[in-house]
Undergrad: 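Before anything else, here's the structure in question.
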Amino acid sequence: MTDLPLHSSKHRESSSEVPAVSVAVVSGNAGAGSVRVEGVRKCFGPVEVLKGIDLRVAPGEVVCIIGPSGSGKSTLLRVINRLEEPDGGRVFIDDEEITGKGVDINAVRSRLGMVFQNFNLFPHMTVLANVTIALRQVKGISKAEAERIARDRLEDVGLAEKANSRPAQLSGGQQQRVAIARALAMQPELMLFDEVTSALDPELVKGVLDVMTNLAKGGMTMVVVTHEMGFARRVADRVVFMDQGKVVEAGSPEQLFDDPQSDRLKKFLAEVL
Ligand SMILES: Nc1ncnc2c1ncn2[C@@H]1O[C@H](COP(=O)(O)OP(=O)(O)OP(=O)(O)O)[C@@H](O)[C@H]1O
Ligand SMILES: [Mg+2]
């Protein structure tokens, strides 16, 4: 999905649309989707940006990853969905190794939904077509069935009435919710989010976080890289603090935010809170 065209115009949400998201608890593959990352290393040239990462995410768990710029958060997500090959270590989804030779990368990716900072919707297609295209082309689902699924997922994110709009007619927050609906339509076992609210105007952030909160309540396994510390505190089961390619601390939101142990985390929190 990374090679979809970039489209990130920022329109204001119309006031009639707020509060937009009376989201039903979103359906997913609740109970599936555990992740196990073991000793993952990644180098770019001479620079080791992941220095032996261990991470476990249980089915239905929400793990938020925080940390300074350049600490390796995005690279870790990209290794988990095989957009990057690790130089060492292993990744398992539901106890099945997805790293290593001979693994069908497309099959792996179809089990994961990933949402990026830039929503990467096709600008020339309607919202409905954006959500159905992978269902039809990757999963080979009929047009009618794909549209039924897409409308259900758009309803989940509070955008049923935007099915026939083009991305440019939507606010950034709405476009990001379409991107989430598109990922959910594929019925992923887990969802990876990489700073999905960072490009949004502040007043649009809440609608997207509400969708993610409801997804979490619905039992979706989620790994969320975020700068939204309030969201991490409220929604995460566990928070992981990364710095310089390592997991420095991990624990409950209360442990990390109220009782940080390392100087590095204390310094980071002093800067972001
Ligand atoms: N394709 C690449 N080629 C070379 N270096 C890269 C590449 N991708 C990432 N890096 C480097 O790896 C390090 C970790 O990058 P990464 O994007 O994972 O950090 P991050 O924690 O997500 O940062 P941010 O909070 O700014 O998004 C950085 O030093 C970055 O410059
Ligand atoms: Mg990043």
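Every number for a ligand or one of its atoms is a count from 1 in the order of the listing.
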Undergrad: Looking only at protein heavy atoms, identify the closest one to atom 3 (N) of ligand 1 and say how far it is in Å.
TA: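 Scanning the protein heavy atoms, the shortest distance from atom 3 (N) of ligand 1 goes to Phe44 CD2, 3.4 Å.
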Undergrad: In terms of atom number and element, which parts of ligand 1 are under 4.0 angstrom from non-hydrogen atoms of Ser74?
TA: 17 (O), 18 (O), 20 (P), 22 (O), 27 (O)
Undergrad: Between Asp210 and Lys206, does any NZ, NE, NH1 or NH2 come within less than 4.0 Å of an OD or OE carboxylate oxygen?
TA: yes
Undergrad: Side chain, backbone, both or neither: which part of Glu195 has a heavy atom under 4.0 Å from ligand 1?
TA: side chain
Undergrad: Short check: is a protein heavy atom less than 4.0 Å from atom 31 (O) of ligand 1?
TA: no
Undergrad: Starting from atom 16 (P) of ligand 1, what is the nearest protein heavy atom, named by residue and atom, and what distance separates them?
TA: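 Going atom by atom, the protein heavy atom closest to atom 16 (P) of ligand 1 ends up being Thr75 OG1, 3.5 Å.
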Undergrad: Please check: side-chain N/O of Arg41 versus main-chain N/O of Leu50, any donor-acceptor pairing under 3.5 Å?
TA: no
Undergrad: Please work out, at 4.0 Å between heavy atoms, whether the side chain, the backbone, both, or neither of Val49 comes within that distance of ligand 1.
TA: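 Under 4.0 Å from ligand 1, Val49 contributes side-chain atoms alone.
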Undergrad: Within the structure, does at least one protein heavy atom fall under 4.0 Å of atom 13 (C) of ligand 1?
TA: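 Flag for atom 13 (C) of ligand 1 set to true, protein heavy atom closer than 4.0 Å.
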Undergrad: N/O of Gly70 under 3.5 Å from N/O of ligand 1, yes or no?
TA: yes
Undergrad: Around Lys51, counting heavy atoms of other residues, nucleotides and ligands shown, do more than 12 lie under 6.0 Å from its NZ?
TA: yes
Undergrad: Under 4.0 angstrom from ligand 1, any heavy atom of Pro68?
TA: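 Pro68 counts as a contact of ligand 1 under the 4.0 Å cut-off.
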Undergrad: Are any side-chain N or O atoms of Gln169 and backbone N or O atoms of Arg166, one a donor and one an acceptor, separated by less than 3.5 Å?
TA: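 Yes.
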Undergrad: Please state which option from Ser198, Ser69, Gly72 has its nearest heavy atom closest to atom 26 (O) of ligand 1.
TA: Ser69
Undergrad: Any nitrogen or oxygen of Glu84, main chain or side chain, under 3.5 Å from a nitrogen or oxygen of ligand 1?
TA: no
Undergrad: Does a sphere of radius 6.0 Å around NZ in Lys267 hold more than 12 heavy atoms from other residues, nucleotides or ligands, not counting ones at 6.0 Å or beyond?
TA: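 It does not: Lys267 NZ has 12 such atoms or fewer within range.
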Undergrad: Is it possible for you to check whether Lys266 lies under 6.0 Å from the centre of the six-membered ring of Phe268, through NZ or CZ, and within 45° of that ring's axis?
TA: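 Not flagged: Lys266 not positioned over aromatic ring of Phe268.
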Undergrad: Can a donor-acceptor pair be found, under 3.5 Å and without considering hydrogens, that links the side chain of Arg109 to the backbone of Arg82?
TA: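 Checked: pair present.
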Undergrad: Of all the non-hydrogen atoms in the protein, which one sits nearest to atom 21 (O) of ligand 1, and at what distance?
TA: Lys73 NZ, 2.8 Å
Undergrad: How far apart are the closest heavy atoms of Phe241 and Pro68, and which atoms are they?
TA: CE1-CD, 3.7 Å
Undergrad: When you measure from the Mg ion (ligand 2) to the N, O or S atoms of Ser74, does any of those distances fall below 2.8 Å?
TA: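 It does: Ser74 brings an N, O or S atom closer than 2.8 Å to the Mg ion (ligand 2).
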Undergrad: Using a strict threshold of under 4.0 Å (side-chain N to carboxylate O), is an ion pair present between Glu48 and Lys42?
TA: no
Undergrad: Looking only at distances, please establish whether an N/O atom of ligand 1 is found under 3.5 Å from an N/O atom of Gly67.
TA: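 No, since none of the N or O atoms of Gly67 sits under 3.5 Å from an N or O of ligand 1.
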